[in-house]
Amino acid sequence: MPPPSLSSSISRHHQAPAEIEGQALRTSNFLRQVIEKDLATGTYAQRQWGGGPGDAAFHAAGQPDPAKIRTRFPPEPNGYLHVGHAKSICLNFGLARDYGGVCHMRFDDTNPEKEEKEYVDSILDAVQWLGFNWESNFNGKQESHLYYASNYFDFMYRAAEYLITAGHAYVDEQTAEDMRINRGDFGKPGVDSPFRSRSPEENLARFREMRDGKLADGAAVLRAKIDMASPNINLRDPAIYRIRRATHHNTGDAWCIYPMYTFAHPIEDALEQITHSIATLEFEDQRPFYDWLLERLCEGGLLKAPPPRQYEFARLNLTYVITSKRKLAQLVNEKKVSGWDDPRMPTIVGLRRRGYTPEAIQLFAERIGVTKSDSWIDYSTLDGCLREDLENKAHRGMAVLDPVKLVLTNWAEVFGSDGYTEDCTQPALPHSTIAEGQTPPPDRVFKIGKDVWIEREDFEEVPPKGYKRLFPGNVVRLKGGYVIECTGCAKDAEGKVTEVHAKVIPGTKSGTPGADSVKAKAAITWVGNADGVSAEVRLYDRLFTDPQPDAGGKNFLDALNPDSLKVVTAVVEPSLAAAKPDQKFQFERHGYFVADRADHGVGGKVVFNRVTGLKDRWN
């Protein structure tokens, strides 16, 4: 079910999530408690909205903000999003949805050297695939809230000049090494820069020379003037502008100076009237500077009070996964994987190609919750959410992954011809999974004949104790077909089984009056030789064997799983061969599989990826 529209939830903004009609019960967390308190006390009730991002004067001329809260998802477009970003997407867009607000889709594109249009496009696609959008529809007026930090460069420059004239910033021309040394450390206070005592007029003139390209890259930086003795090193006059001659994907060569992220981010939040700026815990030490900067700009009348507030939560730590962009890029560049969308990658494009669903990822994000303390989530939790989502959706089908031929030696004797075939049927979905009022899908139809394919492991010439499948003298059912009695096998010169032999027992076909006339000890899956289709099946597994592959300084490449991908030639029933790319199935007894969204159907190929097994085998 799609999330309720923003317009439909405005009138219910004061309700707790569990009370909102049509919504699943949401687990409370500290962020929900903060938002509910702010709504109850009217913390942001007097805000104005000018119809888009803007400074204090722009919003003061606007209307009362129809959005009860404003959150934002602000990725830097320097790589592909991963499962950790998926948690943040679900959190920010989900909170806005649940409390009658809007979530802004904003690109934090202040670093021209690492950002590309390719990443912008992939990020927008990922957010929409997860089930979210950046549109609002308040009072019948639809607005897009897709923003770029680079569109605010003019205001950021204006804010920097204000800080200089107010005595809150200065141009520092120390070398990078001298700045590092003079900054001090946790046990030693910093030392004032020799340029710190310049007058505002001198600093302004020098800053404009930086802007006009009169200084070389790295020759100077603009620093906030706060406290070089602060116990929080982030407040020891942090750099807020640097010189970088680089072409920007959005602004081209209009600028040769660019704001630092810690300076740009709070300004972006304030221009967009964000109420709750939600970040991961590594930004907790940056919050004092976030607050300091917005207080100064509000004092100067550039921004409108109350300013946004930043709240931090624990990032996602998922076992058997790395989320470092640098390390993920290394896997791609060194061809340890086939690309960013390799189904073993934790990128959203990789998860999507592997066969994970948006609903499963949303369920995962809700289930793991939001806390302020770091912890590890076992990968089986994500797989469990996927099984829960697909159980009632994924059509069933039979596939033989390690095929050996089963010959029904008395077929002609029973049916009059070796070439005779019969249709068999099985439900596409078990009746127990079909909701009341839902129309069941048509049954699957497949053929049984003299020769069928079975799994090699379903025959043992000398069975181990407790083995119930095919061995000489034993009786089993071909699922959806006949009961058969095994009579033996044929082998090649090396002793490998090349055929299994059995006799069909007449009158025992599933769904007929005699189906239960012979007691079978087991039922096995199979695919008929008459209509079975050859398929490439990619058996994906976890990329790493170590649950924390890069923890404690370990070389994550040492933990690569050599068995993370096995490719087999399988035989599948015709309903599976007719699959569309990205269609999910449960291969009976094997697990959940998806028709590969890139390769399936190309040149007539049938290609499936294993998403996960029917149960977790890693515990």
Side-chain angles (χ1 to χ4, degrees), residues 1-15 17 20-24 26 35 38-39 42 44-75 77 81 85-86 88-109 117 120-152 155 250 267-278 303-304 308 348 358-359 362 365:
M1 176 182 296
S5 67
L6 294 174
S7 58
S8 68
S9 58
I10 293 175
S11 63
R12 302 189 297 272
H13 75 273
H14 62 282
Q15 296 174 304
I20 296 177
E21 181 182 356
Q23 248 185 215
R26 308 269 178 195
I35 291 170
D38 285 342
L39 290 176
Y44 297 101
Q46 303 305 313
R47 286 177 308 118
Q48 303 283 105
W49 175 248
D55 61 11
F58 177 78
H59 287 302
Q63 301 296 319
D65 194 345
K68 304 306 175 184
I69 67 169
R70 289 185 184 267
T71 60
R72 81 290 173 272
F73 176 61
L81 300 185
H85 295 112
S88 182
I89 291 169
C90 293
L91 177 62
N92 280 287
F93 282 92
L95 289 173
R97 171 198 64 204
D98 293 348
Y99 291 100
V102 62
C103 182
H104 295 185
M105 177 70 239
R106 178 213 304 152
F107 287 101
D108 238 319
D109 56 345
K117 181 67 163 55
V120 171
D121 294 340
S122 73
I123 289 169
L124 294 177
D125 182 64
V127 172
Q128 290 177 314
W129 176 73
L130 281 171
F132 301 103
N133 66 72
W134 40 89
E135 307 289 328
S136 68
N137 189 4
F138 295 113
N139 304 318
K141 182 180 180 182
Q142 188 166 354
E143 290 183 352
S144 171
H145 301 281
L146 172 60
Y147 303 124
Y148 293 83
S150 54
N151 288 338
Y152 311 149
F155 179 88
N250 186 27
I267 290 176
E268 295 157 22
D269 284 348
L271 292 174
E272 295 177 17
Q273 291 286 70
I274 300 301
T275 58
H276 301 83
S277 180
I278 301 167
L303 296 175
K304 191 167 177 58
I348 294 179
E359 295 82 2
Q362 287 191 42

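Counting begins at 1 with the first residue of the sequence. Every value quoted in this text rests on a predicted model; they were computed, and no experiment measured them.
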- Query: Does Asp125 use its side chain to pair, donor to acceptor, with the backbone of Asp121 at less than 3.5 Å?
  - Reply: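 Answer holds: no.
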- Is it true that a side-chain atom of Gln362 and a backbone atom of Leu130 form a donor plus acceptor pair closer than 3.5 Å?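 Yes.
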Measuring from [X]:[atom1] to [Y]:[atom2], what's the distance to the nearest 0.5 Å?
| X | Y | atom1 | atom2 | result |
| --- | --- | --- | --- | --- |
| Asp38 | Thr275 | CG | OG1 | 7.5 Å |
| Leu124 | Asn133 | CG | CG | 11.5 Å |
| Ile69 | Leu39 | CD1 | CG | 7.0 Å |
| Tyr152 | Asp109 | OH | CG | 9.5 Å |
| Ile35 | Asp98 | CD1 | CG | 9.0 Å |

- Nearest non-hydrogen partners of Ala96 and Cys103, listed with the distance: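 That closest heavy-atom pairing would be CB-N, 3.6 Å.
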Holding to side-chain contact (heavy atoms from CB on, under 4.5 Å), I want the full list of residues that pass it with [X], two or more places apart in sequence or in another chain.
| X | answer |
| --- | --- |
| Asn151 | Tyr148, Asn250 |
| Phe155 | Asp55, Arg158, Ala159, Ile267, Leu271, Leu302, Leu303 |
| Pro358 | Trp129 |

- Query: With a 4.5 Å limit on heavy-atom distance, are the side chains of Lys117 and Pro77 in contact?
  - Reply: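 No, side chains not in contact.
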- Sequence neighbours excluded, which residues qualify as salt bridge (charged side-chain N to carboxylate O under 4.0 Å, His left out) partners of Asp269?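 With sequence neighbours excluded, Asp269 shows a salt bridge (charged side-chain N to carboxylate O under 4.0 Å, His left out) to Arg72, Arg106, given in chain and number order.
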- Item | Residues which pass salt bridge (charged side-chain N to carboxylate O under 4.0 Å, His left out) with Asp65, listed by chain and number, not counting sequence neighbours |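 Here the qualifying residues are Arg47, Arg70.
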- Message: Enumerate the salt bridge (Lys or Arg N to Asp or Glu O under 4.0 Å) contacts for residues 136-152, please, sequence neighbours excluded, ordered by first and then second residue.
- Response: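 Those involving residues 136-152 are Lys141-Glu143.
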- More than 12 heavy atoms of other residues, nucleotides or ligands under 6.0 Å from CD of Gln63: is that the case?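 Result for CD/Gln63: open.
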- Query: Should the pair His145 and Trp49 be assigned to parallel (<30°), tilted (30 to 60°) or perpendicular (>60°) ring geometry?
  - Reply: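 Answer is tilted, since the angle falls between 30° and 60°.
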